[in-house]
Amino acid sequence: MLVFKASEDIRVYFKSRRSSIGLVPTMGALHQGHISLVKKACKENKYVVVSIYINPTQFNDDKDLEKYPVDLTKDQKLLSPYSNQIIIYSPEHKDLYPKGTQSNSYNFGSISKYMEGAFRPGHFNGVATVVEALFKKIKPNRAYFGEKDFQQFQVIKALNKQKKLGVKLISCPIVREKDGLAMSSRNQQLTSEQRVAASEIYKSLQMISSNQIEKNFFKMKQFFIDRVERTQALKVEYFCIALDTDLIPRTKLESKRNYRVFVAVLAEKTRLIDTVELKRMDYF
Ligand code: AMP
C-alpha cells in the first residue's frame with residue numbers, strides 16, 4: 001500500500017494519473033465506521049486518499065490529545081483489502097501547518113456555536129483549518145464524512161461554500177456496534193463497566209427518536225439522563241434537540257419540522273457523542 005508523508009509526493013503521483021479522487025479524512029485508530037466511508041469512496045472514485053492525521057488544533061484538551069489512540073500498523077491492515085485504490089497520507093505537522101499548528105478563524109454562524117462548538121471551544125476552527133488544508137493539497141473530487149459528526153459535516157459544508165473549495169461532500173450513515181453504541185476510536189478507552197453502560201446511549205436515543213417518550217423536550221432530556229446515568233459510570237454532558245438546518249437547540253418543538261437529537265456523554269475523561277433524527281411529530 002502506498003503511504004505518503006508529504007502532500008507534494010501525492011501531487012506528483014496524481015499529476016500523470018488525473019482521474020477521480022476521493023478523500024477520507026481520519027485521525028487513525030480505524031474501525032468499521034471509517035471503513036464504511038472508505039468502501040463508499042472506493043466505489044465512487046478511481047483513487048482514494050485516506051488521511052491519517054491527529055489534528056492538534058481541534059483538541060481543546062491536551063490530555064485528550066495525548067491519549068488519543070495510534071496504531072498505524074493495524075490501520076494499514078484494515079485498509080489492505082482496498083490497497084489497489086488507496087493511498088495513505090500520514091503527514092508530519094509541518095506538511096499541513098507550514099507556519100505552525102495554529103487554527104484559522106472562521107465564522108459559521110449558528111451551526112458551529114452550540115453543542116460541540118459550545119463544549120469544545122476552538123474545536124470547529126481547528127477542524128475547518130485542517131479540512132481546508134487537506135482539500136487544497138489533495139484536491140479531491142469528493143470527500144466522505146460520517147453522520148456521527150453531524151455538526152462537523154454542516155461546518156465542512158459551510159467551509160466548502162465560503163471558501164469555494166468545490167469538493168462534493170458525502171455524508172455516510174453511522175456504523176454501530178452490535179449493542180448500538182456508535183463506533184468510535186475512543187471506545188477502546190472505556191473500562192468494561194463504562195462500555196456496558198454506554199450501550200444505553202443509543203437504546204435511549206432510539207426510544208426518544210421513535211416518539212415513545214412524551215413529546216416534550218424536558219421529559220425527553222430527563223429520560224435520557226436517568227437511563228444513561230443509572231449506573232454512575234457515565235455522565236451526560238449535553239442533550240440537545242435542534243433543527244437539522246440551523247443547529248440551534250430548541251426546547252419548544254413544533255410539528256412538521258426536522259429535528260435531530262445530539263448528545264455528548266462523559267465516561268470520566270472519554271467523550272462519546274451520538275445523534276439521531278427525531279421522527280417527524282406531525283400530530284400535535
Ligand atoms: P475521526 O477519525 O474520528 O476523526 O473520524 C473520521 C471520519 O470517520 C469522520 O468523518 C467521522 O464522522 C467518521 N466516523 C467516525 N466514526 C464513525 C461511525 N461510527 N460511523 C460512520 N462514520 C464514522
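Numbering of ligands and ligand atoms starts at 1, following listing order.
Distance from atom 11 (C) of ligand 1 to its nearest protein heavy atom, with residue and atom name: D149 OD2, 3.1 Å. Closest to atom 10 (O) of ligand 1 among all protein heavy atoms lies G146 N, 2.9 Å. Remark: minimum distance from atom 20 (N) of ligand 1 to any protein heavy atom is reached at V175 N, 2.9 Å.
The shell of residues lying under 4.0 angstrom from ligand 1, judged by heavy atoms, includes H31.
Contacts of L30 with ligand 1, taken as heavy-atom pairs under 4.0 Å, are absent altogether. Under 4.0 Å from ligand 1, the heavy atoms of P25 that appear belong solely to its backbone. Contacts between H34 and ligand 1, counted as non-hydrogen atom pairs separated by less than 4.0 Å, involve the side chain only. Contacts between K148 and ligand 1 below 4.0 angstrom, taking non-hydrogen atoms only, involve the side chain exclusively. Only the backbone of P173 comes within 4.0 Å of ligand 1, counting heavy atoms alone; no side-chain atom from C-beta on gets that close.
Taking distance alone, with nitrogen or oxygen atoms compared against 3.5 Å, S185 stays at or beyond that limit from ligand 1. Taking distance alone, with nitrogen or oxygen atoms compared against 3.5 Å, G28 stays at or beyond that limit from ligand 1. For ligand 1, none of its N or O atoms has an N or O atom of A182 under 3.5 Å away. Checked by distance only, ligand 1 and M27 come closer than 3.5 Å through their nitrogen or oxygen atoms.
Using a 4.0 Å cut-off between a side-chain N of Lys or Arg and a carboxylate O of Asp or Glu, R120 and E237 do not qualify as a salt bridge. Using a cut-off of 4.0 Å between Lys/Arg side-chain N and Asp/Glu carboxylate O, K203 and E200 are scored as not salt-bridged.
Judged by the 6.0 Å distance and 45° axis criteria, R250 is not positioned over the aromatic ring of Y259. A cation-pi arrangement is found for R17 relative to Y13, the charged atom lying closer than 6.0 Å to the ring centre and inside a 45° cone about the ring normal.
Clustering ILVMFWY residues whenever any of their side-chain heavy atoms sit less than 4.5 angstrom apart, transitively, puts M27 in a cluster other than the one holding L30.
The option with the heavy atom closest to atom 18 (C) of ligand 1, from among S51, G33, A29, is G33.
When all heavy atoms are compared, the tightest approach of I88 to I52 is CG2-CD1, 4.0 Å. Heavy atoms only, all atoms of each residue included: L134 and P25 are closest at CD1-CB, 4.0 Å.
Taking every non-hydrogen atom of M183 and a distance limit under 4.0 Å, the qualifying atoms of ligand 1 come out as 16 (N), 17 (C), 18 (C), 19 (N). Atoms of ligand 1 lying under 4.0 Å from any heavy atom of T26, numbered from 1 in the order shown and given with element: 2 (O), 6 (C). Applying the 4.0 Å criterion to heavy atoms of F145 picks out, from ligand 1, the atoms 10 (O). Heavy-atom contacts of I174 reach the following atoms of ligand 1: 20 (N), 21 (C) (cutoff under 4.0 Å).
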### Task
Give the intermediate values and the outcome of side chain to side chain donor-acceptor pair (under 3.5 Å) for residues N141 and S20.
CA-CA 6 Å; N141 302 81; S20 62; 5.4 Å; no
### Task
Applying side chain to side chain donor-acceptor pair (under 3.5 Å), run through Y97 and N55 and close with a yes or a no.
CA-CA 10 Å; Y97 290 98; N55 174 34; 2.6 Å; yes
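Judged by distance alone, the side chains of R260 and T275 do bring a donor and an acceptor atom under 3.5 Å apart. A donor and an acceptor atom, one from each side chain of Y89 and D95, are located under 3.5 Å apart.
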